[in-house]
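Quick note: numbers below take in every heavy atom, side chains included, and nothing from hydrogens, waters or symmetry partners. Fair warning: this is a prediction, and the values are worked out from it, not measured in the lab.
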Amino acid sequence: MTIKLYNTKTRQKEVFKPLVDGKASMYVCGPTVYERAHLGNARPVLVFDMLYRLLRHEYGAKNVKYVRNFTDVDDKINARAAETGRPISEITDETIQWFLDDMGELGALEPTDMPRATQYIAPMIAMIEDLIAKGHAYAAEGHVLFKVRSYKDYGKLSGRSVDDMIAGARVEVAPYKEDPMDFVLWKPSSDDLPGWDGPVVGGKSIGRGRPGWHIECSAMAYELLGDTFDIHGGGNDLTFPHHENEIAQSKCAGHNFANVWMHNEMLQVEGKKMSKSLGNFFTVRDLLEDGVPGEVIRFVMLSTHYRKPMDWTEKKRQEAEKTLRKWMDITTGLEPSEPSSFSIRPPLKMALSDDLNTHKALTYLNSTLSADPQALLDHARFLGLLSDEAREQHNTAYLKSRAGGGSSEMLASLAAKLDGARRHAKASKDYSEVDRLKKLLVEAGVEVQMSSDNVALIATSSFDPSKLESLK
RNA sequence: GGCGAGUUGGCGGAGUGGUUACGCAGCGGAUUGCAAAUCCGUGUACAGGAGUUCGAUUCUCCUACUCGCCUCCA
């Protein structure tokens, strides 16, 4: 199957041709670890998780190398340490685990390699020294700066020119910079900040310091993926300056670097940028604790194409929940097929192979495969949905987070009570008690389903057990 | 100021140079004590203007508007 991917570098969809036949490699910029991942952080994770799944399917799991870094040295982390008084390593270790836990709940597979920046200081320094030696970087006042003018294609990825940007005047001017656009490869650290012996310039170390932000990705990609690799991904806010700088560094160091550049669009919340000042900022964990299953978050994310802004809305959350519940119901009792014993149907594969058209894939599942429960289950699992855990928790997931473990029992007893009242009513023709119970349940966020001989109560995500106290 | 993306029916959201997805909501019906859930059926659309074309929602240009990035932020 031909896979087509949109390459930011050429601004068009291209047929993906891996460097080495039958193998694929990709590098995705990971998080800076100082606090819980917000919902926006989840988007690239899920987008590239889908790409990873597609590539694994196409080339075999053993033939895909997926590197995603953790930035564990950064001024935001230092600031967090200073304000909390906690050791930096404690903060970064904790945040990394949070990140893995949260993304795991969204059904994201772990990359094959998850390097931490602090483990690659030596390669970064070597690269910086090499750049200085080749005349692309210079030392000044304890800093090492990259000489942007020395890379002729600077700005090509993001479609900017150095002169225009300087005219736009939104660049940090610092006395030690030869040119306002030059960016930091290395900067000095005071004693209270993390630091390492710096690059050697003119025979002696420039002094204790820490790397600038951009160099880590260039160094780690080179160490783990080599001179050239297939795909480099990240959010489109990274296109400039981060990725532009990565390219400049790597190219000037003589590396070929990435062939295909992929960028996901940003996430919004109810039509607006998610930001703390607007009060619409929340983390993945916030949502999970609020009773939104990870599957629902994943579904909503996959329902918008990755190159379009993704608007997280309450309505979408509800629709996703509803659709997933339908799928859960349809596939109840079925066992997923062994991955080796079923093949992905062409329409699904074609959708994903066309620049990751996940929305189309979901549409195919919902409109066509819903008539074939086994196929629905198998294909949904390929997309990372309908996992064992999610199916198991299908009826209780919302309850657990909302009201502790006892809620499902509570609903079971209420269902029995309602069923009893209904049997009486069928004989007496007086349905007032049944209607009263039903009304209370609906008001408390419970969906009431009565078939001819059965009563089922299903908690929705707005279920509020406290409203049912009077019925106990 | 620079760069980029986008504007599709009530809403979400694909896609295509000619036959107009899909989901949700709505409406009609089946079912139900009434509902819910489920099933069946059903309507409405391609921001505005100009151009290319036998023909454009789909290509080109212009205008308007929206959003994002350029600043720590995926």
Measuring from the side chain of A:Lys360 (C-beta onward, heavy atoms only), which nucleotide among B:A14, B:A35, B:A74 has the closest atom?
B:A14
Base, sugar-phosphate alone, or nothing: which one does A:Asn41 contact when heavy atoms must sit under 4.0 Å apart?
base
A:Met266 has a side chain; which of B:G68, B:C24, B:U7 sits nearest to it?
B:G68
Measuring only the P atom in each nucleotide, how far is B:A35 from B:A56? A whole number of Å is fine.
49 Å
Checking contacts here: which listed nucleotide (B:A35, B:C73, B:G12) is nearest the side-chain heavy atoms of A:Val448?
B:A35
Specify the separation, in whole Å, of atom CG of A:Leu51 and atom P of B:A74.
20 Å
For a quick check of understanding: with a heavy-atom distance under 4.0 Å over all strands, which category does A:Lys438 fall into, base, sugar-phosphate or nothing?
base
Does one side chain, of A:His214 or A:Asn245, offer a donor that lies under 3.5 Å from an acceptor on the other?
yes
Can you tell which of B:U38, B:C69, B:G15 lies closest to the side chain of A:Asn357?
B:G15
For A:His242 and B:C70, what is the distance between atoms NE2 and C1' respectively, to the nearest whole Å?
16 Å
Report which part of the nucleic acid A:Gly159 touches: base, sugar-phosphate, or nothing (heavy-atom distance under 4.0 Å, all strands).
sugar-phosphate
I need the single residue from A:Leu288, A:Ile297, A:Leu100 that forms a side-chain contact (heavy atoms from CB on, under 4.5 Å) with A:Glu105. Which is it?
A:Leu288
Given side chain to side chain contact (heavy atoms under 4.5 Å, CB included), test A:Leu224 with A:Tyr27 step by step and report yes or no.
CA-CA 9 Å; A:Leu224 293 166; A:Tyr27 185 98; 5.8 Å; no
Does A:Lys273 place a side-chain N or O at less than 4.0 Å from the phosphate oxygens OP1/OP2 of B:C69?
yes
Side chain of A:Asp435, heavy atoms from C-beta onward: which of B:G4, B:C34, B:C73 has the nearest atom to it?
B:C34
How long is the line joining CZ of A:Arg36 and C1' of B:A74, in whole Å?
18 Å
Determine whether the side chains of A:Thr10 and A:Glu14 contain a donor N or O and an acceptor N or O closer than 3.5 Å.
yes
From the list B:G68, B:A74, B:A21, which nucleotide is the closest neighbour of the side chain of A:His359?
B:A21
Nucleotide-level pairing of RNA chain B, given in dot-bracket where Watson-Crick and G-U pairs need both distances under 3.5 Å and | marks other strands:
(((((((..(((.....[...))).(((((.......)))))....(((((..]....))))))))))))....
To the nearest Å, how far apart are A:Tyr306 OH and B:G13 C1'?
17 Å
Between B:G6 and B:C62, how far apart are the P atoms? Round to whole Å, please.
16 Å
State, without any angle test, whether A:His305 and A:His359 hold a side-chain donor-acceptor pair at a distance under 3.5 Å.
no
A:Leu365 CG to B:G23 P: how many Å, rounded?
13 Å
Looking only at the side chains, is there a donor atom on one of A:His263 and A:Thr8 sitting less than 3.5 Å from an acceptor on the other?
yes
Rounding to an integer number of angstrom, what distance separates B:U52 and B:C73 when you compare their C1' atoms?
45 Å
With respect to the phosphate group of B:A37, does any side-chain polar atom (N or O) of A:Lys326 fall under 4.0 Å of OP1 or OP2?
no
Using atom P of each nucleotide, how far apart are B:U53 and B:U58 to the nearest Å?
16 Å
Between A:Thr239 and A:Asn236, is any side-chain donor less than 3.5 angstrom from a side-chain acceptor?
no
Is A:Phe240 touching bases, backbone alone, or none of the nucleic acid, heavy atoms closer than 4.0 Å?
sugar-phosphate
Would you mind classifying the nucleic acid contact of A:His305 as base, sugar-phosphate or nothing, using non-hydrogen atoms under 4.0 angstrom?
sugar-phosphate
Within 45° of the six-membered ring axis of A:Tyr6 and under 6.0 Å from that ring's centre, is NZ or CZ of A:Arg307 located there?
yes
Phosphate OP1/OP2 of B:A14: any A:Lys308 side-chain N/O under 4.0 Å:
yes
Pairwise P distance, B:A25 and B:U38 [rounded to whole Å]:
8 Å
Ionic contact status for A:Asp182 with A:Lys147, cut-off 4.0 Å
no
Pick base, sugar-phosphate or nothing for A:Val434, based on heavy-atom distances below 4.0 Å to the nucleic acid.
base
What is the distance from CD of A:Glu83 to P of B:C72, rounded to the nearest Å?
17 Å
Need to verify one output field. Residue with the more 5' nearest nucleotide on RNA chain B, A:Asp354 or A:Tyr6?
A:Tyr6
Separation of the C1' atoms in B:C46 and B:G13, to the nearest angstrom
13 Å
Upstream residue (5' side of RNA chain B) when A:Lys315 and A:Asp74 are each assigned their closest nucleotide:
A:Lys315
Counting side-chain heavy atoms from C-beta on, which of B:A14, B:G33, B:G2 comes nearest to A:Arg160?
B:G2
Taking atom types as modelled, is there a side-chain donor on A:Ser218 or A:Gln249 under 3.5 Å from an acceptor on the other?
yes
P gap between B:C65 and B:G48, integer Å:
16 Å
Which of these nucleotides, B:C69, B:C34, B:A25, is closest to any side-chain atom of A:Lys322?
B:A25
Could you check which of B:C34, B:G12, B:A74 has an atom nearest any side-chain atom of A:Leu267?
B:A74
Determine the interatomic distance between P on B:U7 and the same-named atom on B:A37; round to the nearest Å.
32 Å
May I have the distance from A:Arg422 (atom CZ) to B:C34 (atom C1'), rounded to whole angstrom?
11 Å
Atom CE of A:Met181 to atom C1' of B:U71: distance rounded to whole Å?
13 Å
